[in-house]
Peer 1: 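Dropping the structure in here first, questions after.
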Protein chains: 2
Amino acid sequence: MLSIGELSRKTGVKVPTIRYYEQTGLLAAPERSGGNQRRYSTAELERLAFIKHARDLGLSIGDIRELLDLSAHPDRPCTDANRIAANHLATIRDKIARLQQLEAELDRIANGCHGERIENCYVIESLSNHALCKTPH
Amino acid sequence: MLSIGELSRKTGVKVPTIRYYEQTGLLAAPERSGGNQRRYSTAELERLAFIKHARDLGLSIGDIRELLDLSAHPDRPCTDANRIAANHLATIRDKIARLQQLEAELDRIANGCHGERIENCYVIESLSNHALCKTPH
DNA sequence: CCCTTTGTCTATAGTCCCTATAGGTATTGC
DNA sequence: GCAATACCTATAGGGACTATAGACAAAGGG
């Protein structure tokens, strides 16, 4: 059995975050030691590792909850799991596309300033006047 | 003079957000009508448009506060404004890079499932077992 | 002038996903 | 046996809003 600190070290999830997951029902309340401290089994370690991995991939807690529920039913079709993954992939691609637009515009703005003083600073000017922008955002 | 709703329509910033900005000191408290409603001048419209543009470009409220302070001092050097823009550009590039890593991994995961049931679903398997991953994240 | 609709007011709570703090108790290692 | 470390609960904070409730104001038509 692992203490919460050991579980934290093994998974890379911070101690308060583990307690927070328990509080919100993402993790079940674990066994307790004589002195009322949490004690975790290997199954719980695996569940948390799953959560951490999914969080690292950017999945929302809601999605993760759904995936965990699914994984408890090995005989169900895996269309839902695939849908969640595909949706998230689409979200990420969308985010990348939007960030790339921002990148282009910001590059132009950040490298377009050859002024010396705020008076004629292209950064300030560009923010003041949207019409100076070359790309949509 | 504009009402808060007109200001909202002209800038694309939602009414509660405008009130929130006022509350946090990003916008000064405007004049009031006889019936205690907010009335905005053109200067205030421009300030909010600046904020909106900067927010759309992903700048934090803190950065925007700094930029607004700077723009009130036309005679100062614009090194700080350039620094803020360059830092933000770097942050965005970093975000893009990390999202692209996630994209690669998620693409692999989301399109790697040829199972029918959760039992042998590659999505679930991949999340359970980090060792299956090909790229870091 | 009245009525209705739409807009605005304040104050407060909720969102997401944690993170930090305070004040106290357990466990561990020497 | 004791100090250092880890753990406990409960609560508040953070960033940037968003939503809600209950009440007052403004604008347009008859």
Side-chain angles (χ1 to χ4, degrees), chain A residues 1-40 44-45 48 50-68 84 87-88 91-92 95 98 102, chain B residues 1-27 29-40 44-45 47-48 50-68 84 87-88 91-92 95 98 102:
Chain A
M1 299 302 261
L2 303 166
S3 73
I4 198 169
E6 287 163 342
L7 182 67
S8 170
R9 255 167 275 129
K10 284 197 189 238
T11 57
V13 178
K14 288 184 190 150
V15 169
T17 306
I18 297 172
R19 289 198 275 248
Y20 165 76
Y21 285 166
E22 179 183 329
Q23 203 187 299
T24 58
L26 198 58
L27 292 176
E31 276 185 50
R32 296 281 178 143
S33 73
N36 198 35
Q37 299 192 354
R38 290 170 179 81
R39 290 294 177 265
Y40 294 92
E44 286 163 315
L45 167 69
L48 184 55
F50 182 104
I51 293 168
K52 168 77 161 118
H53 193 187
R55 283 299 291 144
D56 284 348
L57 285 166
L59 286 150
S60 71
I61 297 283
D63 280 350
I64 293 171
R65 212 179 280 273
E66 238 183 294
L67 287 168
L68 284 166
I84 291 170
N87 277 172
H88 185 56
T91 304
I92 285 184
K95 264 190 199 162
R98 279 188 294 112
L102 297 194
Chain B
M1 299 302 263
L2 304 166
S3 73
I4 199 168
E6 287 162 341
L7 183 66
S8 169
R9 255 167 273 127
K10 284 197 189 234
T11 56
V13 178
K14 288 183 190 151
V15 168
T17 305
I18 296 173
R19 289 198 274 249
Y20 166 76
Y21 285 167
E22 179 183 329
Q23 202 186 301
T24 59
L26 198 58
L27 292 176
E31 276 184 53
R32 296 283 178 142
S33 72
N36 197 35
Q37 299 192 353
R38 292 170 179 80
R39 290 294 177 265
Y40 295 91
E44 284 162 317
L45 167 68
R47 187 179 172 97
L48 184 55
F50 182 105
I51 294 168
K52 169 78 160 110
H53 193 185
R55 284 298 294 143
D56 284 349
L57 284 166
L59 286 151
S60 71
I61 297 284
D63 280 350
I64 294 170
R65 212 179 279 273
E66 239 183 293
L67 289 168
L68 285 166
I84 291 170
N87 277 171
H88 185 54
T91 304
I92 285 184
K95 262 191 201 162
R98 278 188 294 112
L102 295 194

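Computed from a predicted model, the values in this text were never measured in an experiment. Keep in mind that the numbers below use all heavy atoms, side chains included, and drop hydrogens, waters and symmetry copies. Proteins get letters first, then strands, A, B, ... in listed order; numbering begins at 1 in each.
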Peer 1: Please give me the minimum heavy-atom distance between A:Ile92 and A:Leu57, naming the atom from each residue.
Peer 2: CD1-O, 3.9 Å
Peer 1: Return the set of residues passing side chain to side chain contact (heavy atoms under 4.5 Å, CB included) with A:Thr24 (not counting sequence neighbours), or none when no residue passes.
Peer 2: A:Tyr20, A:Leu26, A:Arg65
Peer 1: If the condition is side chain to side chain contact (heavy atoms under 4.5 Å, CB included), which residues does A:Thr11 pass it with, not counting sequence neighbours?
Peer 2: A:Leu7, A:Val13, A:Leu45, A:Leu48
Peer 1: For B:Glu22, what residues pass the side-chain hydrogen bond (donor to acceptor under 3.5 Å, both in side chains) criterion, not counting sequence neighbours?
Peer 2: B:Arg38
Peer 1: Looking at side-chain heavy atoms only, is the closest gap between B:Ile51 and B:Leu27 below 4.5 Å?
Peer 2: yes
Peer 1: Can you pull the contact range of chain B along DNA chain D, 5' to 3', using atoms under 4.0 angstrom from its heavy atoms?
Peer 2: D:dA16 to D:dA26
Peer 1: With sequence neighbours excluded, what pairs up with A:Arg98 under the side-chain hydrogen bond (donor to acceptor under 3.5 Å, both in side chains) test?
Peer 2: A:Asp94
Peer 1: Run the side-chain hydrogen bond (donor to acceptor under 3.5 Å, both in side chains) test against A:Gln37 and tell me which residues pass, sequence neighbours left out.
Peer 2: none
Peer 1: Among all residues two or more places apart in sequence or in another chain, which pass the side chain to side chain contact (heavy atoms under 4.5 Å, CB included) test with A:Asp56?
Peer 2: A:Lys52, B:His137
Peer 1: Which residues pass the salt bridge (charged side-chain N to carboxylate O under 4.0 Å, His left out) test with B:Glu66, not counting sequence neighbours?
Peer 2: B:Arg83
Peer 1: Need one value for A:Arg32: base, sugar-phosphate or nothing, where a base atom within 4.0 Å counts as base even if backbone is also close, heavy atoms only.
Peer 2: sugar-phosphate
Peer 1: Please report, rounded to the nearest Å, how far the C1' atom of C:dC9 is from the CD atom of B:Glu31.
Peer 2: 17 Å
Peer 1: Any residue in residues 15-26 of chain A with a heavy atom nearer than 4.0 angstrom to DNA chain C? Just list them by number, or reply none.
Peer 2: A:Thr17, A:Tyr20, A:Tyr21
Peer 1: What residues, two or more places apart in sequence or in another chain, satisfy side-chain hydrogen bond (donor to acceptor under 3.5 Å, both in side chains) together with B:Glu31?
Peer 2: none
Peer 1: Could you go over nucleotides 27-30 of chain C and give all protein N or O partners under 3.5 Å, atom names and distances?
Peer 2:
from	atom 1	to	atom 2	distance (Å)
C:dT27	OP1	A:Ser33	OG	3.0
C:dT27	OP1	A:Gly35	N	3.0

Peer 1: A:Pro30 and A:Arg39: which non-hydrogen atoms are nearest, and at how many Å?
Peer 2: CB-O, 3.6 Å
Peer 1: Heavy-atom contacts under 4.0 Å between residues 58-68 of chain A and DNA chain C, which residues?
Peer 2: A:Ser60, A:Ile61
Peer 1: Measure the distance from CG on B:Leu7 to C1' on C:dT8 and round it to the nearest whole Å.
Peer 2: 13 Å
